Amino acid sequence: DAKTTQPTSMDCAEGRAANLPCNHSTISGNEYVYWYRQIHSQGPQYIIHGLKNNETNEMASLIITEDRKSSTLILPHATLRDTAVYYCIATSNFGNEKLTFGTGTRLTIIP
Amino acid sequence: DTGVSQDPRHKITKRGQNVTFRCDPISEHNRLYWYRQTLGQGPEFLTYFQNEAQLEKSRLLSDRFSAERPKGSFSTLEIQRTEQGDSAMYLCASSLEAVSYEQYFGPGTRLTVT
């Protein structure tokens, strides 16, 4: 799996869009980008994944650059409940084998 | 609540004792995973099963650790002769292979070895 690099921490004002970057410069053509988050004292929760096209679901949007070397997770209207650690994972398996988590980005939503 | 349950939620044990954790996955899920998470770190993969078969084990899973999924439903993770370094959150997840790309995580079992 390609190594991913994320900022250690970020703050975002409540109601604003939270943009979480991830670098994966060594990603290979068959590797997907997955995002999970972990709210304090809970297990990780799947958010979204993509290969090369931008993706959107009810939780977030995922923007992947054309060269696929980086991506951004966007939470469009952040709420206090979005305070969590966000993990970006690049993996060639279809999410059904081991996931390699890094240390993630600690996102704090400020009232 | 994801539908994955773990028991117990917390376990305090003395060094040298054996402990066993249980994970009940979402009922139709054929894949089950164990991860370990220490403070300030992301979860680390330990092992996973497809039905009863243990398909992969991490090098983190020393010979003191054993995991089983005897009937392809619930799973147990046993740690023998616990050490203080085993103190961590043990997370279980499940998925339905070839249908779902998402792993559903349980709330974890927090182990403290004194």
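Computed from a predicted model, the values in this text were never measured in an experiment. Protein chains get the first letters and strands the later ones, always in sequence-line order, with residue 1 at the start of each.
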Asker: Select one option (side chain, backbone, both, neither) describing which atoms of B:Glu56 are under 4.5 Å from chain A's heavy atoms.
Answerer: side chain
Asker: Would you compute the distance between atom CG of A:Leu99 and atom OH of B:Tyr33 and round it to the nearest 0.5 angstrom?
Answerer: 7.5 Å
Asker: May I ask you to check whether over 12 heavy atoms, not counting those of A:Glu14, lie within 6.0 Å of atom CD?
Answerer: yes
Asker: Just checking B:Leu39: does its CG atom have more than 12 heavy atoms from other residues, nucleotides or ligands closer to it than 6.0 angstrom?
Answerer: no
Asker: Same cluster or not: are B:Leu46 and A:Tyr87 linked, directly or through other Ile, Leu, Val, Met, Phe, Trp or Tyr residues, by side-chain heavy atoms under 4.5 angstrom apart?
Answerer: no
Asker: Counting only heavy atoms not in B:Ile12, do more than 12 sit closer than 6.0 Å to its CD1 atom?
Answerer: no
Asker: Out of curiosity, A:Tyr34 OH to B:Tyr101 OH, how far, rounded to the nearest 0.5 Å?
Answerer: 8.5 Å
Asker: For a 4.5 angstrom cut-off between non-hydrogen side-chain atoms, does B:Tyr35 reach A:Phe101?
Answerer: yes
Asker: Would you say B:Gln103's side chain and A:Glu97's backbone share a donor-acceptor pair under 3.5 angstrom?
Answerer: yes
Asker: Please report the closest heavy-atom contact between B:Arg9 and A:Ser41, naming both atoms and the distance.
Answerer: NH2-O, 4.4 Å
Asker: Establish whether B:Phe49 and B:Val4 are linked, either directly or via other cluster members, by ILVMFWY side-chain heavy-atom contacts under 4.5 Å.
Answerer: no
Asker: What is the minimum heavy-atom distance between B:Leu91 and A:Pro44, and which atoms define it?
Answerer: CD1-CD, 4.0 Å
Asker: Looking at A:Arg16, I'd like to know if its CZ atom is crowded, meaning that more than 12 non-hydrogen atoms belonging to other residues, nucleotides or ligands lie closer than 6.0 Å.
Answerer: no
Asker: Is there a side-chain contact between A:Tyr36 and B:Phe105 in this structure, where contact means two heavy atoms from C-beta onward sitting under 4.5 Å apart?
Answerer: yes
Asker: Transitively linked via ILVMFWY side-chain contacts under 4.5 Å: A:Ile63 with A:Val33?
Answerer: no
Asker: Check each atom of B:Gln37 against the heavy atoms of chain A and say whether the ones under 4.5 Å are side chain, backbone, both or neither.
Answerer: side chain
Asker: Measure the CD-CD1 distance between B:Glu102 and A:Ile48 for me, rounded to the nearest 0.5 Å.
Answerer: 11.5 Å
Asker: Establish whether B:Tyr104 and A:Met59 are linked, either directly or via other cluster members, by ILVMFWY side-chain heavy-atom contacts under 4.5 Å.
Answerer: no
Asker: Is chain A contacted by the side chain of B:Pro107, its backbone, both, or neither, given a heavy-atom distance below 4.5 Å?
Answerer: backbone
